Amino acid sequence: MAGRLMHAVQYEGYGGGAAGLKHVEVPVPTPSKGEVLLKLEATSINPIDWKIQKGMLRPLLPRKLPCIPTTDVAGEVVEIGSGVKNFKPGDKVVAMLSALTGGGFSEYGVASENLTVSRPSEVSAAEGASLPVAALTAHMALTQPIGLKLDKSGPHKNILVTAASGGVGHYAVQLAKLGNAHVTATCGARNIDFVKSLGADEVLDYNTPEGAALTSPSGKKYDGVVHCAPAIPWSVFEPNLGSSGKVVDITPGPSAMWTFAVKKLTFSKKRLVPLLLIPKGENLQYVVDLVKEGKLKSVVDSKFPLSKAEEAWAKSIDGHATGKIIVEP
């Protein structure tokens with residue numbers, strides 16, 4: 001593939017939103033040691049992608065400009081780098097590209113073998129590309145800080161999921177139910193039936209007083225909260241938590257970090273835990289297999305061709321997607 005050009009969409013500086021995206025022809029990347037080159041079939045947008053464009057993670061991300069955004073992809077292996085043992089050209093896969101470089105808004109992308117997993121025929125490209133960041137964030141939040149056993153072997157827990165109709169939220173509801181938890185969820189009024197269909201036991205409209213207060217209709221106190229919504233003050237969470245309840249904030253801002261520090265210093269059993277996703281290949285294979293078995297649904301809000309990537313980007317920034325937004329090369 002060396003020397004060939006491909007269509008890609010990139011941004012060349014911070015800010016600009018959808019208008020900052022540019023269609024370009026760039027060289028097809030070459031896989032290095034331990035990497036696979038994929039012909040991409042689908043990529044999904046995560047809010048972190050456009051937050052990086054806004055400069056919210058500068059100077060860490062992006063590593064360099066111009067940047068081809070998105071990391072979550074599905075496709076077919078077309079070339080392997082040296083030392084790759086588990087994949088060969090023709091294999092269908094789901095992968096998470098490097099957060100440092102991105103690369104999903106293009107026809108080809110390079111992924112580490114460690115974060116590439118087999119995609120069975122039962123899992124579509126769009127379903128697979130929806131998974132990496134969103135499902136792994138939900139999985140990590142529930143299994144690590146909250147300590148839920150997804151095989152039902154642990155104690156029963158009461159879980160709250162905020163913004164339950166979004167990317168991370170819709171997976172968190174389903175995974176919590178797999179772990180036999182009682183799930184209370186918040187969302188907008190138009191998505192209440194959708195979130196119930198995912199298995200939530202109780203659904204709150206966040207625009208009502210009860211929803212804004214996060215109060216369980218059945219009076220449950222939460223052992224764990226997967227917090228996917230914009231900032232909610234600790235004072236709202238605190239009275240709803242069990243004696244050692246944990247709020248896992250997937251997009252922690254300065255006030256969340258302050259609360260985390262204060263609670264740690266005062267040895268409080270009620271904690272706010274900022275979550276930084278540490279992706280693992282075995283967990284990605286686990287969620288792909290759950291989709292294959294019909295135990296986990298990847299809900300696709302909408303699909304756009306790469307030629308209309310700006311429209312997909314704008315829809316994600318707007319913040320009202322139900323499930324995941326997909327771009328297809």
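All figures in this text were calculated on a predicted structure; none of them were measured in a lab.
Evaluation of the ring-ring contact (aromatic ring centres under 6.0 Å, His included) rule for F237 yields H227 as partners, not counting sequence neighbours. Taking the side-chain hydrogen bond (donor to acceptor under 3.5 Å, both in side chains) definition, one finds that W50 meets it with S316, sequence neighbours left out. H320 meets the ring-ring contact (aromatic ring centres under 6.0 Å, His included) test with no other residue; sequence neighbours excluded. By the salt bridge (Lys or Arg N to Asp or Glu O under 4.0 Å) test, K221 pairs with no residue at all, sequence neighbours left out. In this structure, K297 has no salt bridge (Lys or Arg N to Asp or Glu O under 4.0 Å) partners at least two apart in sequence or on a different chain. Applying the salt bridge (Lys or Arg N to Asp or Glu O under 4.0 Å) test to K88 and every residue at least two apart in sequence or in another chain returns D91.
When side chains are defined from C-beta on, T30 does not count as touching V110, because their heavy atoms never get closer than 4.5 Å. Between V291 and L131, some side-chain heavy-atom pair lies under the 4.5 Å cut-off. In this structure, P66 and Y11 have side chains that are not in contact, with every pair of non-hydrogen atoms separated by 4.5 Å or more.
Legend: side-chain hydrogen bond (donor to acceptor under 3.5 Å, both in side chains) pairs involving residues 167-186, not counting sequence neighbours, sorted by first then second residue: Y171-S298, K177-D201, T184-E202. The salt bridge (charged side-chain N to carboxylate O under 4.0 Å, His left out) contacts involving residues 276-288 comprise nothing, where partners must be two or more places apart or lie in separate chains. Legend: salt bridge (charged side-chain N to carboxylate O under 4.0 Å, His left out) pairs involving residues 231-240, not counting sequence neighbours, sorted by first then second residue: E238-K270. For residues 113-139, the pairs satisfying salt bridge (charged side-chain N to carboxylate O under 4.0 Å, His left out) are E41-R119, with sequence neighbours left out. Within the structure, salt bridge (charged side-chain N to carboxylate O under 4.0 Å, His left out) pairs that include any residue of residues 65-77 comprise E76-K92 (at least two apart or interchain).
When hydrophobic clusters are built by joining Ile, Leu, Val, Met, Phe, Trp and Tyr residues whose side-chain heavy atoms come closer than 4.5 Å, directly or via intermediates, L100 is grouped together with V26. In the hydrophobic clustering of this structure, I68 does not group with I326; members are Ile, Leu, Val, Met, Phe, Trp, Tyr whose side-chain heavy atoms approach within less than 4.5 Å, directly or through other members. When hydrophobic clusters are built by joining Ile, Leu, Val, Met, Phe, Trp and Tyr residues whose side-chain heavy atoms come closer than 4.5 Å, directly or via intermediates, L272 is not grouped with L275.
Taking Ile, Leu, Val, Met, Phe, Trp and Tyr as hydrophobic and joining them when side-chain heavy atoms fall under 4.5 Å apart, one finds Y206 isolated, its cluster having no other members.
Expressed to the nearest 0.5 Å, how far CG of L40 lies from OH of Y108 amounts to 9.0 Å.
Donor-acceptor pairing under 3.5 Å is recorded for the side chains of D289 and Q285. Of the N and O atoms on the side chains of T322 and N191, at least one donor lies less than 3.5 Å from an acceptor on the other residue. Between the side chains of H23 and E310, at least one donor-acceptor pair of N or O atoms lies under 3.5 Å.
For F304 and W313, the ring centers sit 6.0 Å or farther from each other.
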